[in-house]
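Here is the structure we will look at, set down as structure tokens.
Computed from a predicted model, the values in this text were never measured in an experiment. A note on names: the letters A, B, ... follow the listed sequences, proteins ahead of strands, and every chain is numbered from 1.
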Protein chains: 2
Amino acid sequence: MSDLLERLRGRGWRMTAQRRVVAEVLDGEHVHLTADEVHARAVVKLPEISRATVYNTLGELVTLGEVIEVTTDKRAKRYDPNAHQPHHHLVCAGCGAIRDVHPSGNPLADLPDTERFGFTVSDVEVTYRGLCPDCAAAA
Amino acid sequence: MSDLLERLRGRGWRMTAQRRVVAEVLDGEHVHLTADEVHARAVVKLPEISRATVYNTLGELVTLGEVIEVTTDKRAKRYDPNAHQPHHHLVCAGCGAIRDVHPSGNPLADLPDTERFGFTVSDVEVTYRGLCPDCAAAA
DNA sequence: ATCCTATATTGGACATTGTCCAAGTCAAGT
DNA sequence: ACTTGACTTGGACAATGTCCAATATAGGAT
């Protein structure tokens, strides 16, 4: 994702220190941070960055399709920079750990027309839940 | 779900006016209400019921497995009384309408062992997203 | 029928997550 | 370097949910 900044600049994004820092924080394939976690890490590199800017920037990245918004639980939304390879999520009910997973099959194709109620279905999000090895051992 | 109250009593639930009202509000197969919507409807039947009690009662019903907690978006959790027939959800990205759907196939079986990372996977939640006929027409 | 007590309810303070806005700041084109 | 529209800021506000000490009550025991 090191070329993210380039892609964004190419799309007419104005490059600012704040946006650069947010993009850097999200760098990595298997990160699932909340907005406040992103902010906390951004502050280390750019102490005066505001929460509002982090929220704005994350929202823009989502709109641009560079980052996926994941709502695995009732708590905060999480931001997943692994937006260019379709995948789903496996969440630990104990500690909240999240792994990217790639189920076989195509859930979209598994929804018959009779179950679509005239909707234009464009996307499917699959969340597996269970216990990670550590939490299973503790239980 | 008219026998819900009986089932709960059998499980040692203390029956109170508040709990009865919450159960009545949830009655029905295709309801997906937020906690505050449940509260609003409960207040009609029992004006002095408090928000805290509605939250408590919903939480208990979820724990007992009588109601499913659905988090389709970043907004409020929704409570689905259709807990005894496995199903998934189709959500309109425009207006938020929710339909119960029954995809063919078994998503749980679609997650290979190599993609489980040692987790004990117990559940899968599939959320289809798209536009309902009305919102598609408006777009 | 009445009493007792564990359990449930209440309301309001508090916490978390997120949105909004007016004022100030700055990137980047000219 | 200037200018300008886009970006950032901080703080107020909103929505959702949690927690707690005080009060009330369901349902078994008497």
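Smallest separation of non-hydrogen atoms from A:Leu8 and A:Glu66: CD2-CG, 4.0 Å.
With distances taken from any side-chain atom of A:Arg51 to the nucleotides C:dT9, D:dG17, C:dT17, the minimum falls on C:dT17. Here the side chain of B:Asn56 is nearest to one of C:dT9, D:dT18, C:dT17, namely C:dT9. In the set C:dT10, C:dT9, C:dG18, C:dT9 carries the atom at the smallest distance from any side-chain atom of B:Arg19. Which of D:dT18, C:dT9, C:dG18 sits closest to the side chain of B:Tyr55 comes down to D:dT18. Distances were taken from every side-chain heavy atom of B:Arg14 (C-beta onward) to each of D:dA26, C:dA28, C:dT17; the shortest belongs to D:dA26. Checking C:dA28, C:dC20, D:dG17 against every side-chain atom of A:Ala52, the shortest atom distance belongs to C:dC20. Comparing C:dT17, D:dT16, D:dG27 by their closest approach to the side chain of A:Ala76 singles out C:dT17.
Proximity of A:Gln18 to the phosphate of D:dT9: a side-chain N or O atom is located under 4.0 Å from OP1 or OP2. Taking 4.0 angstrom as the limit, B:Thr16 places a side-chain polar atom (N or O) nearer than this to OP1 or OP2 of C:dT9. OP1 or OP2 of C:dT17 sits under 4.0 Å from a side-chain N or O of A:Arg75. Applying the 4.0 Å criterion to OP1 and OP2 of D:dG10, one finds that A:Ser50 has every side-chain N and O outside that range.
Counting to the nearest Å, the C1' atom of C:dG18 and the NZ atom of A:Lys77 are 7 Å from each other. Rounded to a whole Å, the NE2 atom of A:His39 is 12 Å from the C1' atom of D:dT8. B:Leu58 places its CG atom 10 Å from the P atom of D:dG17, with the value rounded to the nearest Å. A straight line from CE of A:Met15 to C1' of D:dT8 spans 15 Å, rounded to a whole angstrom. The nearest whole Å value for the distance from the CG atom in A:Asp36 to the C1' atom in C:dT19 is 13 Å. Atom pair B:Arg9:CZ and C:dT7:P shows a separation of 18 Å (rounding to whole Å applied). To the nearest angstrom, C1' of C:dG18 lies 15 Å from CD of A:Glu37. Distance B:Leu8 CG to C:dA8 P: 12 Å, rounded to the nearest Å.
With the nearest nucleotide of DNA chain D identified for both B:Ala17 and B:Thr34, B:Thr34 has the one nearer the 5' end.
No side-chain donor from either of A:Asn82 and A:His32 sits under 3.5 Å from a side-chain acceptor of the other. Donor-acceptor pairing under 3.5 Å is lacking for the side chains of B:Glu125 and B:His88.
Rounded to the nearest 0.5 Å, atoms CZ (A:Arg75) and OG1 (A:Thr34) are 8.5 Å apart.
A:Glu24 contributes no side-chain N or O that, together with a main-chain N or O of A:Val21, makes up a donor-acceptor pair within less than 3.5 Å.
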